[in-house]
Amino acid sequence: MPFAETSPRVALYPGSFDILTNGHLDIIQRGRKLFDRLVVAVAANSAKREPTFSLEERVQVLHEVVAPWPNVQPVQLEGLTVEAARAHGARFILRGLRAVSDFEFELQLAIMNHQLAPDVESIFLAPAPEWIFLSSSTVREVWRLGGDVSQFVPPPVLAALHRKRPLV
Ligand code: ADP
């Protein structure tokens, strides 16, 4: 059944969040002010690569990061994004847009999701300029090579990275 225009404004922000960066956090911070409720849905990694954090670890750390904001709800993403959106009562899908490189992929996803569920709207937010080139994969690479990533990730993520590989 389509969403009523008067229903609460709930958005689903899907991603793998492996590693959760300040860019993701920036989108969460903006989204939580725009929507009544923001469901942050953590996907098991696509075929991309060996994950840094397990799905459970990513959801756990997200809980710590968003603890101050009661309208932000971390969940595991199962199945199709549009179906997860419906299951959580979300009529918006929120995505972050960085540089031009994100654009084509995000547009493809948004069009596909629109064809699957025309009443679920995709919404895009740009992060603050300092995060526009920040990605999980570059943070992961710097961390893997022993670099300091403290300026790129929220403190609970840094703590989780240190637990995974204690600083000597
Ligand atoms: P996916 O697994 O879908 O690629 P990611 O976890 O990498 O997901 O990112 C989830 C969402 O967050 C995507 O919409 C992505 O564009 C956005 N995002 C990632 N990094 C940033 C950033 N630095 N600034 C703004 N949005 C970002």
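These numbers were taken from a predicted model, which means no experiment stands behind them. Heads up: numbering here begins at 1 and tracks the sequence. We count ligands from 1, going down the list as the structure has it; atoms in each ligand are counted the same way.
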Exercise. Can you figure out which of Arg30, Arg95, Arg58, Arg98 has its heavy atom closest to atom 27 (C) of ligand 1?
Key: Arg98
Practice problem: From atom 16 (O) of ligand 1, work out which of Gly96, Ala99, Gly23 has a heavy atom at the shortest distance. | Solution: Gly96
Self-check item: Close approach of Tyr13 to ligand 1, heavy atoms, under 4.0 angstrom
Solution: yes
Quiz item: Relative to the heavy atoms of Glu106, which atoms of ligand 1 are at a distance of less than 4.0 Å?
Solution: 13 (C), 14 (O), 16 (O)
Quiz item: Looking only at atom types and distance, does a side-chain atom of Asp36 sit under 3.5 Å from a main-chain N or O of Val10, one as donor and one as acceptor?
Solution: no
Quiz item: Hey, does Ser135 come in under 3.5 Å of ligand 1, counting only N/O atoms on both sides?
Solution: no
Quiz prompt | Lys/Arg-Asp/Glu bridge criterion (N-O < 4.0 Å) met for Arg86, Glu83 | solution = no
Quiz item: Which atoms of ligand 1 are found less than 4.0 Å from any heavy atom of Ile27?
Solution: 25 (C), 26 (N)
Quiz prompt | Backbone N/O of Leu134 and side chain of Arg98: donor-acceptor pair under 3.5 Å | solution = yes
Quiz item: For ligand 1, is any non-hydrogen atom under 4.0 Å from Ala126's backbone (N, CA, C, O), its side chain (CB onward), both, or neither?
Solution: neither
Quiz item: Going by the atom numbers of ligand 1, which of them fall below 4.0 Å from some non-hydrogen atom of Asp102?
Solution: 16 (O)
Practice problem: Taking Glu106 for its side chain and Phe103 for its backbone only, find out whether a donor-acceptor pair lies under 3.5 Å. | Solution: no
Quiz prompt | Where ligand 1 meets Phe17 - atom numbers and elements under 4.0 angstrom, heavy-atom basis | solution = 6 (O)
Self-check item: Asp18 side chain to Ser16 side chain, donor-acceptor N/O pair below 3.5 angstrom
Solution: no
Quiz item: Out of curiosity, does Leu62 fall in the hydrophobic cluster containing Tyr13 (side-chain heavy atoms, cut-off under 4.5 Å, transitive links)?
Solution: yes
Exercise. Report, as yes or no, whether the 6.0 Å neighbourhood of atom CD on Glu56 holds more than 12 heavy atoms from other residues, nucleotides or ligands.
Key: yes
Self-check item: From the candidates Gly15, Pro127, Ser16, the one that places a heavy atom nearest atom 25 (C) of ligand 1
Solution: Pro127
Quiz item: Does Ala43 come within less than 4.0 Å of ligand 1, judged by its heavy atoms?
Solution: no
Quiz item: Is the backbone of Gly89 close enough, under 3.5 Å, to the side chain of Arg37 for a donor and an acceptor to pair up by distance?
Solution: no
